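Okay, so here's the structure we're looking at.
As the structure lists them, so they are numbered: ligands from 1, and atoms in each ligand from 1. The structure presented is a predicted model; accordingly, all values stated were derived computationally and were not measured.
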Amino acid sequence: MIKIAIVGAAGRMGKILVEACHENENVVLTVATEHPQSALIGADIGEVVGIGKNGVMIAPSLDVAEQDCDVVIDFTRPEPSISHLNWCVKNNKQLVLGTTGFNEEEKAQIQQAGESSALVFAANYSVGVTLSLKLLDTAARIMGEGVDIEIIEAHHRHKVDAPSGTALRMGEVIANALGRDLSQCAVYSREGIMGERDRNSIGFQAIRAGDIVGEHTVMFADIGERIEITHKASSRMTFAKGAVRSAVWVAKKGVDECGVFDMQDVLGLR
Ligand code: NAD
C-alpha cells in the first residue's frame with residue numbers, strides 16, 4: 001500500500017484528491033496538511049471532505065509526514081509548492097506536483113529537484129488532455145506552417161493565474177513541433193490598432209466565468225478551412241484520479257531513477 005500525503009487538503013483540488021485516494025485500493029492517505037493559519041488545522045480530513053472520519057487530522061506542515069508517507073501530492077500555489085518540493089528532496093519523498101503558475105526561476109528549481117529525486121509535474125492530469133497534447137503535436141506538424149494558431153481557454157471565476165498552465169503547455173507542444181520559441185511567438189492580449197496578425201504568432205485568450213471546470217480549444221485556421229481540437233473537463237475528479245495514478249506510478253521508481261516526469265510518461269505515451 002502506497003502512503004500518500006496531500007498538502008492543501010481542504011482546497012478545491014485537495015478535497016477531491018482525498019476522495020480519489022479513498023476510492024483507490026492501491027493507496028492509503030496518511031497525512032493531510034493545510035495552510036498553518038487555516039481554521040481547519042486539527043480537524044479530521046475525512047469529515048471535512050464528507051467521506052466520514054478517517055483519523056487523519058489536518059496538520060500545519062509536512063513535518064509529520066517524515067516517517068509516514070511515500071509520495072506527496074501538491075495542488076496549492078507556487079510559493080508553498082516550492083517549499084514542499086524542497087522538503088521532498090531533503091526527506092527523500094517522491095512528489096506529484098499539480099500547481100500551475102510557476103515563474104521561470106521556480107520552473108528551474110523544479111527541474112533541479114529532478115536531478116536528485118523523482119517527481120511528476122503536469123499542468124493537467126487528465127487522460128483526455130494528455131491525449132490532446134499528442135493530437136496537437138500531429139496537427140501542428142501537418143497543418144502548422146502558414147495557418148493561424150489560437151488557443152482559447154475557459155475556467156471558473158476563482159482561478160488566479162492566466163493563461164492556464166494547460167493552455168501554456170499546449171502552446172509549448174505546438175511551438176516545439178514547429179521549431180518556434182513560445183516566449184518569442186506568444187501573443188497574450190490584443191487591444192486597439194495592432195496591425196495584421198503576425199503569421200508566426202500563437203495567440204492565447206482566457207475566459208474566467210462561473211464554475212467552468214476547464215475547457216481548452218486550439219484552432220488551426222487556414223483560408224478555406226480550419227481544425228479545432230477541444231477538450232472539456234466536467235469534473236475535477238478527472239485531474240485527481242490522474243494525480244493518484246501518477247503517485248502509484250512514481251512510487252515504483254527506484255532510488256536512482258530520478259527525473260521530472262509528466263502524464264505522457266505515466267500513460268506510457270513516449
Ligand atoms: P484552492 O485555492 O482551492 O486550493 C489551494 C489550497 O492550498 C488552499 O486550501 C490553501 O489553503 C492551501 N495552501 C496554501 N498554502 C499552503 C501551505 N503552505 N500548506 C498547505 N496548504 C496550503 O485552489 P485549487 O482550485 O484547488 O487549485 C490549486 C492549484 O492546482 C492551482 O494552481 C490550479 O491551477 C492547479 N490545478 C491543476 C490541475 C492539474 O491537473 N495539474 C487541475 C486543477 C487545478
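- Contacts of His84 classified as ring pair (Phe, Tyr, Trp, His ring centres under 6.0 Å), with partners at least two apart in sequence or in another chain: none.
- In this structure, Asp148 and Arg199 have side chains that are in contact, with non-hydrogen atoms separated by less than 4.5 Å.
- The protein residues lying under 4.0 angstrom from ligand 1, judged by non-hydrogen atoms, are Gly8, Ala10, Gly11, Arg12, Met13, Thr33, Glu34, His35, Phe75, Thr76, Arg77, Pro80, His84, Gly98, Thr99, Thr100, Ala122, Ala123, Asn124, Tyr125, Lys159, Phe239.
- A distance of 12.0 Å separates CG in Leu95 from CG in Asn91, rounded to the nearest 0.5 Å.
- The aromatic rings of Phe121 and Phe102 stand perpendicular to each other, their planes meeting at an angle above 60°, with 30° marking the opposite boundary.
- With salt bridges taken as basic N to acidic carboxylate O contacts below 4.0 Å, none links Lys93 and Asp70.
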Practice problem: Please lay out, stage by stage, how Phe204 and Ile152 fare under the test side-chain contact (heavy atoms from CB on, under 4.5 Å). | Solution: CA-CA 6 Å; Phe204 289 82; Ile152 304 126; over 6 Å; no
